[in-house]
Every structure is written in C-alpha cells, then in structure tokens.
Amino acid sequence: MTKQRKNRVATWLTLVATCLSAASAAAETKVRVAMVVKNLGNGFFDAAHQGGEDAAKELGDVELIYTGPTKPTAEGQIEIINSLIAQKVNAIVISANDPDALIPVCKKAAQRGITVLSFDSGVGKAGRIFQINPSNPELIGLKQLQMAAKTIGGKGEIAILSATTQATNQNTWIQVMKNDLKRPEFAGLKLVDVVYGDDQSDKSYREAVGLFRKHPDLKAIIAPTTVGITAAAKAVTDEKLVGKVFVTGLGLPSELAGHVRSGAVDTFAIWNPIDLGYTAVYAAHSVLAGTASGKPGTEVPVGRMKSLKIDPNGETAMSEPFVFDKANVDKFAKFF
Ligand code: RAM
C-alpha cells in the first residue's frame with residue numbers, strides 16, 4: 001500500500017470510529033419513555049403510538065417503548081409495569097384499565113424515580129402526576145346523547161355498549177350520560193341496558209346481537225369505544241337492521257367510513273388519537289427535562305399541541321370531540 005493510500009484508510013477508520021462513538025453516546029443520552037396502552041391490536045392505540053413516535057422523532061432524545069397486554073386487563077398492565085421498573089425506564093405514560101388497581105404499581109414506579117403520567121383512561125390521582133383527557137368528559141358524554149337523539153328524532157329506547165367494566169374513561173362518560181338523560185331535551189330517550197364488550201370485537205359483536213334480541217324496540221346503541229362501535233355497526237348490518245337500529249358513539253373514521261355509507265351509523269365522534277399520543281409522550285419529556293412540574297395550576301409545554309393547563313384535580317383536557325358523518329368521514333379516514 002502506498003503511503004498516501006495508508007493515510008486515506010487511517011482517516012476513514014478515524015471517521016467511522018467517531019461516528020460509532022457519537023451514535024452510542026446519543027443512545028446513552030436518550031430517555032426511555034414507555035407508552036402502556038389498554039391492549040395491543042386496537043386501532044385507536046396504534047394511532048396514539050404513531051403520535052408518540054412523532055414526538056420522539058421531533059424531540060430527538062426519546063426512545064419510545066410501545067407496549068400493552070393482549071387483553072385489556074389491569075393484571076396485564078401491572079405485570080408490564082413491573083417489568084418496565086426492572087428495565088429502569090425513565091417515564092411511563094399509561095391508558096389505564098382500572099383507576100384503582102394500577103395505583104400501587106404506579107406508586108412503586110414513582111418511588112424508583114420513574115415519571116408516571118396517564119392519558120386517555122386515567123389512573124387514580126395517587127398513581128400519576130397528571131391525567132391527560134382527550135377532551136372534557138362532560139362534553140364527550142353529552143355529545144354522544146345528542147348524536148343519538150338527533151338520529152332517532154329524540155324518541156325511543158337506547159342502550160350503551162361499553163368497553164370493560166373497570167375502564168376509567170368509559171365509566172366516567174357513562175355516568176355523565178346517565179346524569180344528562182335527566183335533562184328535558186332527552187326526555188324521549190329511554191336507557192334500557194348497559195353491556196360490556198371488553199374492547200374485544202367478537203364479544204362486542206355478541207353483546208350487540210344480545211341487545212337486539214332482548215330489546216326488540218331498540219332504536220340506538222351508543223358505543224363509547226372504537227372497538228365496540230365498529231362491532232355493533234357490523235352486527236346491525238349482518239342482522240339486517242340498518243334503518244331500524246342506529247349505532248353512534250366514539251369511533252375511528254378509518255374503521256367506520258363503510259358503516260356510515262351503509263347507513264348503520266349516522267354520526268359518531270372522536271378526537272385525534274395521533275395528537276393524543278404525541279401529547280402524552282411530549283408531556284412526559286417536559287417533566288423529565290424539568291421544563292414542567294405537572295403540578296395543579298401549572299402549564300406543561302407539548303410542542304405542536306402548545307401547552308396543557310393542569311387543573312386543581314391534576315387533570316387536563318385537550319380539544320372538543322369532533323363529529324363525523326357522511327359529509328366528512330372519507331376525508332379523515334386516511335389519517336386515523
Ligand atoms: C377504545 C378504547 C379507548 C377509548 C376509545 C374511544 O379504543 O377504549 O380507551 O378512548 O375507544
């Protein structure tokens with residue numbers, strides 16, 4: 001090898017070594033944020049995951065770990081959090097399957113120095129720094145009753161097909177709906193049943209069919225879950241009940257566009273799950289970076305979503321739920 005060539009090779013080797021050590025230094029300085037969802041295989045959380053990855057990419061120093069049990073149970077999430085504690089992650093953002101059962105393990109994580117926030121479905125106050133609600137729970141409950149009332153002309157039997165019996169978010173919304181049913185504007189609506197499909201498509205489908213059999217005069221099913229609403233809409237179609245029973249609630253445009261076209265669904269609502277996942281990861285980073293404390297009365301910077309105001313209860317709410325119908329569903333179906 002000529003001297004010149006030898007020098008060139010040496011320069012290359014130095015360059016490669018520098019790049020490798022820079023990469024490993026970057027990996028070392030990254031904070032590890034775990035997003036623990038209710039269950040895997042749910043399109044809503046897939047979209048939240050996408051938002052979380054967007055935040056990680058934008059922030060540059062976040063390694064996102066996306067995880068959750070296969071079935072939406074508190075036990076499954078407890079096991080996962082114990083393993084995340086052992087892995088010494090820096091932060092956990094969780095959508096909880098139970099407000100109370102998760103508190104002890106979340107407290108344990110906090111005692112080990114892990115930042116714990118909840119989003120979507122909250123952990124009880126003692127188990128997290130703050131809870132990020134996608135929207136105000138009162139608005140979410142009310143909107144669903146308004147949609148049902150509008151579609152069936154304000155009169156008739158309605159039933160709720162929910163997710164799991166312990167889900168913080170669905171139970172809060174159901175309570176709001178039950179209270180709001182006392183309003184004069186909903187005097188014509190009669191809530192005849194509340195059933196649970198456990199955010200599993202097959203169980204939700206069976207529960208919907210059970211409602212048709214048990215309540216032959218049923219006019220609407222409100223499903224405050226993206227899994228439940230899709231399964232109920234399919235059940236209405238399969239049972240040839242389009243035009244007789246309407247399905248509404250909270251769903252993803254990508255999963256419901258066909259059911260809106262078929263008439264099984266007239267209107268439904270949701271917020272942007274990508275923005276929600278982005279916000280949860282960004283907020284965890286702000287607490288880790290020390291740019292936010294997350295204490296009641298303070299604000300938490302969340303990048304493109306601006307900032308979150310933490311209320312006296314340690315909660316915050318993002319935007320209003322957005323209503324979809326045949327005029328706009330296709331436009332949004334490509335996003336989430
Ligand atoms: C399901 C989950 C989630 C809820 C949405 C509306 O995907 O239960 O927690 O926010 O529906």
Side-chain angles (χ1 to χ4, degrees), residues 35-52 66 68-74 76-77 93-99 102 117-123 131-137 139-144 147 160-177 194-205 207-208 221-233 247-256 259 265 267-280 315-324 332 336:
M35 178 182 279
V36 181
V37 298
K38 281 181 170 176
N39 64 320
L40 298 177
N42 175 336
F44 178 86
F45 292 118
D46 291 342
H49 179 198
Q50 190 189 321
Y66 179 74
T70 41
K71 291 243 168 92
T73 65
Q77 289 188 315
V93 295
I94 177 171
S95 169
N97 283 316
D98 188 306
L102 268 311
L117 309 182
S118 56
F119 75 104
D120 181 55
S121 186
V123 175
Q131 149 69 9
I132 306 169
N133 291 308
S135 177
N136 177 308
L139 279 182
I140 299 174
L142 179 63
K143 185 71 87 190
Q144 293 181 82
M147 290 188 296
I160 294 173
L161 167 58
S162 190
T164 61
T165 54
Q166 300 305 317
T168 322
N169 51 351
Q170 273 91 12
N171 284 348
T172 307
W173 304 328
I174 291 172
Q175 199 45 56
V176 170
M177 288 192 256
V194 180
V195 295
Y196 299 86
D198 294 346
D199 267 353
Q200 303 292 296
S201 300
D202 49 352
K203 178 151 193 280
S204 305
Y205 185 95
E207 292 293 342
I221 292 180
I222 298 178
T225 139
T226 59
V227 180
I229 194 172
T230 312
V247 178
T248 187
L250 305 174
L252 298 173
S254 57
E255 294 178 351
L256 288 177
H259 295 298
V265 175
T267 60
F268 66 98
I270 200 68
W271 39 88
N272 185 329
I274 303 172
D275 287 345
L276 181 61
Y278 170 94
T279 302
E315 298 198 20
T316 183
M318 295 172 68
S319 54
E320 269 198 51
F322 193 79
V323 176
F324 297 90
F332 289 89
F336 53 84

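As the structure lists them, so they are numbered: ligands from 1, and atoms in each ligand from 1. Note that the numbering runs from 1 along the sequence shown for the chain.
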- prompt: Quick one: which ligand 1 atoms are inside 4.0 Å of a heavy atom on Q170?
  reply: 2 (C), 4 (C), 8 (O), 11 (O)
task: Among N169, N97, D98, find the residue that satisfies the side-chain hydrogen bond (donor to acceptor under 3.5 Å, both in side chains) test when tested with S121.
output: N169
field: Donor-acceptor pair between Q131 and S118 side chains, under 3.5 angstrom
entry: yes
query: Which atoms of ligand 1 have any heavy atom of D120 under 4.0 Å away?
result: 3 (C), 4 (C), 9 (O), 10 (O)
message: Angle between ring planes, F44 versus W271, binned at 30° and 60°: parallel, tilted or perpendicular?
response: perpendicular
- prompt: Can you say whether the rings of F45 and F119 are parallel (under 30°), tilted (30 to 60°) or perpendicular (over 60°)?
  reply: perpendicular
- prompt: Can you tell me which residue and heavy atom of the protein come closest to atom 11 (O) of ligand 1, and the distance to 0.1 Å?
  reply: T226 N, 3.0 Å
- request: Could you tell me whether ligand 1 has any atom less than 4.0 Å away from a heavy atom of V227?
  value: no
query: Would you say K38 and ligand 1 have an N/O pair spaced under 3.5 Å apart?
result: yes
- request: Within a distance under 4.0 Å of any heavy atom of F45, pick out the atoms of ligand 1 and give their elements.
  value: 3 (C), 9 (O)
Reported CE-to-CG distance for the pair M318 and N133, which is rounded to 0.5 angstrom: 10.5 Å
- prompt: Is it the side chain (CB and beyond), the backbone, both or neither of N42 that lies under 4.0 Å from ligand 1, heavy atoms counted?
  reply: side chain
message: Test your reading of the structure: does W173 have an N or O sitting under 3.5 Å from an N or O of ligand 1?
response: no
message: Keeping T248 on the side-chain end and I222 on the backbone end, is there a donor-acceptor pair under 3.5 Å?
response: no
message: Using only atom types and a distance under 3.5 Å, with no angle test, would you say the side chain of Q144 pairs donor to acceptor with the backbone of I140?
response: yes
message: Looking only at distances, can you tell me whether any N or O atom of S95, backbone or side chain, sits closer than 3.5 Å to an N or O atom of ligand 1?
response: no
field: Shortest heavy-atom approach to atom 2 (C) of ligand 1 - which of T225, D199, T168, V37
entry: D199
